[in-house]
Amino acid sequence: MMHLYMRQSQLFTKTKREDPKDEVSKNAKLLLRAGFVHKEMAGVYSYLPLGLKTLRKIEQIIREEMNAIGGQEITLTALQEKELWDKTNRWDDAVVDNWFKTKLKNDTELGLGFTHEEPMTRLMKEHVSSYRDLPKSLYQFQTKFRNETRAKSGIMRTREFIMKDLYSFCRDQAEHDAFYEKAKQAYVNIFNRVGLGDLTYLTFASGGVFSKYSHEFQTLTEAGEDIIYVSAEKKIAINKEVYNDEVLANLGVSKDELTERKAVEVGNIFTLGTRFSDALELTYADESDAQQSVFMGSYGIGPARVMGTIVEALSDEKGIIWPESVAPFRVHLLALGESEQVKKESEQLYSDLVLAGVEVIFDDRAGLSAGEKFADADLLGMPYRVVVSERSLEAGGAEMKKRADSGKGEIIALASVIDLIK
Ligand code: ATP
Ligand code: MG
């Protein structure tokens with residue numbers, strides 16, 4: 001269970017005024033300055049208390065949406081054996097160039113999984129034999145390792161990252177298509193819930209052998225590495241990699257309805273067909289007892305990439321602006337000045353908020369100026385800032401302001417803070 005409330009005087013992380021010298025991306029600069037993450041090396045980040053809270057909230061939203069479409073949560077291993085991946089021709093570095101590989105003491109080769117179609121398919125061989133066993137979908141939040149060449153996008157593209165990957169197993173294409181539509185809607189829900197709905201487009205991308213297109217979820221941001229062609233009106237986009245006259249005709253859109261934009265792929269859903277079930281012999285007996293290949297799909301999202309994208313898309317010059325659904329805490333309560341009255345009233349408000357079940361971080365640190373506390377609150381980006389100072393008490397209570405609103409806050413009675421926030 002994550003902390004629902006916290007005293008900033010106890011938090012071990014400190015904020016930094018200066019941007020880190022070795023980062024170019026906005027998300028890395030802000031998240032490092034705010035103490036949400038720690039950089040271990042290029043493209044490798046650890047998550048600290050505040051960052052972990054946000055990451056877990058994003059994961060929980062994804063989990064709820066995956067459960068709602070029937071997904072069953074499991075977790076597979078990072079260590080992978082060569083023989084399995086040889087069968088699908090995905091072991092060779094000439095085919096897959098981002099493997100991290102290692103060896104047992106006896107020289108047996110192993111890899112650190114960059115994705116999990118192979119072990120998922122092999123796992124299902126033990127559990128699927130008849131048409132009655134299908135359809136099924138399995139998912140995990142699991143660490144992937146990818147030897148990415150570029151590592152300039154902060155937590156949006158790292159060499160070790162958690163991915164939510166779901167795999168669906170259906171009897172045939174029709175059953176798959178129905179599940180695929182449900183998954184697509186679940187993804188729309190996820191991006192709405194994490195606060196990226198307005199900026200995120202269902203994007204047509206290359207499909208492979210079993211379907212014309214795959215679908216990416218692309219969020220508009222200058223920090224993105226992809227180019228997409230967007231119809232804001234139809235709320236769809238086309239990835240540059242498949243942007244041509246045939247695709248336009250298929251989708252019934254014309255060039256002049258589309259604008260070229262930079263975007264980041266936050267999620268992706270893909271029809272795999274029988275590529276993996278054929279290679280690994282995952283079959284089931286149909287109603288007439290004939291063996292059929294299981295029809296598969298895969299559905300990925302990187303929670304950290306989503307988190308980095310939120311920072312890129314929603315921050316301002318002062319810091320991060322978390323949507324309420326993923327903010328580490330809902331309220332940042334600030335006590336300003338050292339007066340006994342401020343101390344008493346802010347402590348009381350803190351315990352009232354805690355008792356009311358409002359997630360709150362309390363800046364109870366001594367010896368800091370108001371300016372320093374305000375700057376930290378803006379940097380950390382909780383949705384509501386509530387200030388208790390001598391001035392606010394004289395004016396009638398606490399000063400409350402939403403992080404997303406510019407300008408000054410308003411004074412509200414201490415007794416009505418909780419109602420206004422809840
Ligand atoms: P990209 O083209 O950006 O490299 P990808 O096609 O390799 O992405 P997938 O293999 O489909 O991505 O992975 C599923 C999801 O995992 C992506 O949509 C993204 O959200 C996330 N993801 C992929 N690579 C990374 C990474 N290096 N760091 C963090 N998240 C990642
Ligand atoms: Mg990639």
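Predicted model only: the values in this text are computed from it and were never measured. Hydrogens, waters and symmetry mates are skipped; everything else that's a heavy atom, side chains included, is used. In listed order, ligands and their atoms are each counted from 1.
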So which protein heavy atom does atom 17 (C) of ligand 1 come closest to, and at what separation? Glu265 OE2, 3.3 Å
Identify the closest protein heavy atom to atom 11 (O) of ligand 1: which residue and atom is it, and at what distance? Asn268 ND2, 2.9 Å
Parallel, tilted or perpendicular: which fits the ring planes of Trp91 and Trp99, with parallel below 30° and perpendicular above 60°? tilted
Distance-only side-chain donor-acceptor flag, Ser153 / Ser25, under 3.5 Å: no
Using the ring of each side chain (for Trp, its six-membered ring), is His176 parallel, tilted or perpendicular to Tyr180, with breaks at 30° and 60°? tilted
List the closest protein heavy-atom neighbour of atom 30 (N) of ligand 1: residue, atom name, distance to the nearest 0.1 Å. Phe161 CD1, 3.4 Å
Does ligand 1 have an atom that lies less than 4.0 angstrom from a heavy atom of Ala304? no
Taking 4.0 Å as the limit for heavy-atom contacts, which would you say applies to Met163 with ligand 1: side chain only, backbone only, both, or neither? side chain
Please state which protein non-hydrogen atom is closest to atom 28 (N) of ligand 1 and give its distance, to 0.1 Å? Thr158 N, 3.0 Å
If you count the atoms of ligand 1 from 1 in the order shown, which ones are under 4.0 Å from a heavy atom of Glu148? 24 (N), 26 (C), 27 (N)
Is the contact between Arg157 and ligand 1 made by the side chain, the backbone, both, or neither, using heavy atoms and a 4.0 Å cut-off? both
Is the shortest distance from a Lys or Arg side-chain nitrogen in Lys318 or Asp316 to a carboxylate oxygen in the other one below 4.0 Å? no
How far is atom 10 (O) of ligand 1 from its nearest protein heavy atom, and which residue and atom is that? Arg146 NH2, 2.8 Å
Is the centre of the Tyr299 ring less than 6.0 Å from the centre of the Phe179 ring? yes
Considering only the protein, which heavy-atom contact is closest to atom 3 (O) of ligand 1, and what is its distance? Arg305 NH1, 2.8 Å
Can you list the atoms of ligand 1 that are under 4.0 Å from a heavy atom of Gly267? 18 (O)
Pairing donors with acceptors under 3.5 angstrom, does anything connect the side chains of Tyr167 and Asp165? yes
Check whether the ring centres of Phe329 and Trp322 lie less than 6.0 Å apart, and answer yes or no. no
Taking the six-membered ring for Trp and the single ring otherwise, decide whether the centroids of Tyr213 and Phe204 are under 6.0 Å apart. yes
Can you pull out the closest protein heavy atom to atom 15 (C) of ligand 1? Residue, atom name and distance to 0.1 Å, please. Gly302 N, 3.9 Å
Answer side chain, backbone, both or neither: which part of Met156 comes under 4.0 Å from ligand 1, heavy atoms only. backbone
Centres of the His38 and Tyr47 rings: under 6.0 Å? no
Do any nitrogen or oxygen atoms of Val266 lie less than 3.5 angstrom from nitrogen or oxygen atoms of ligand 1? yes
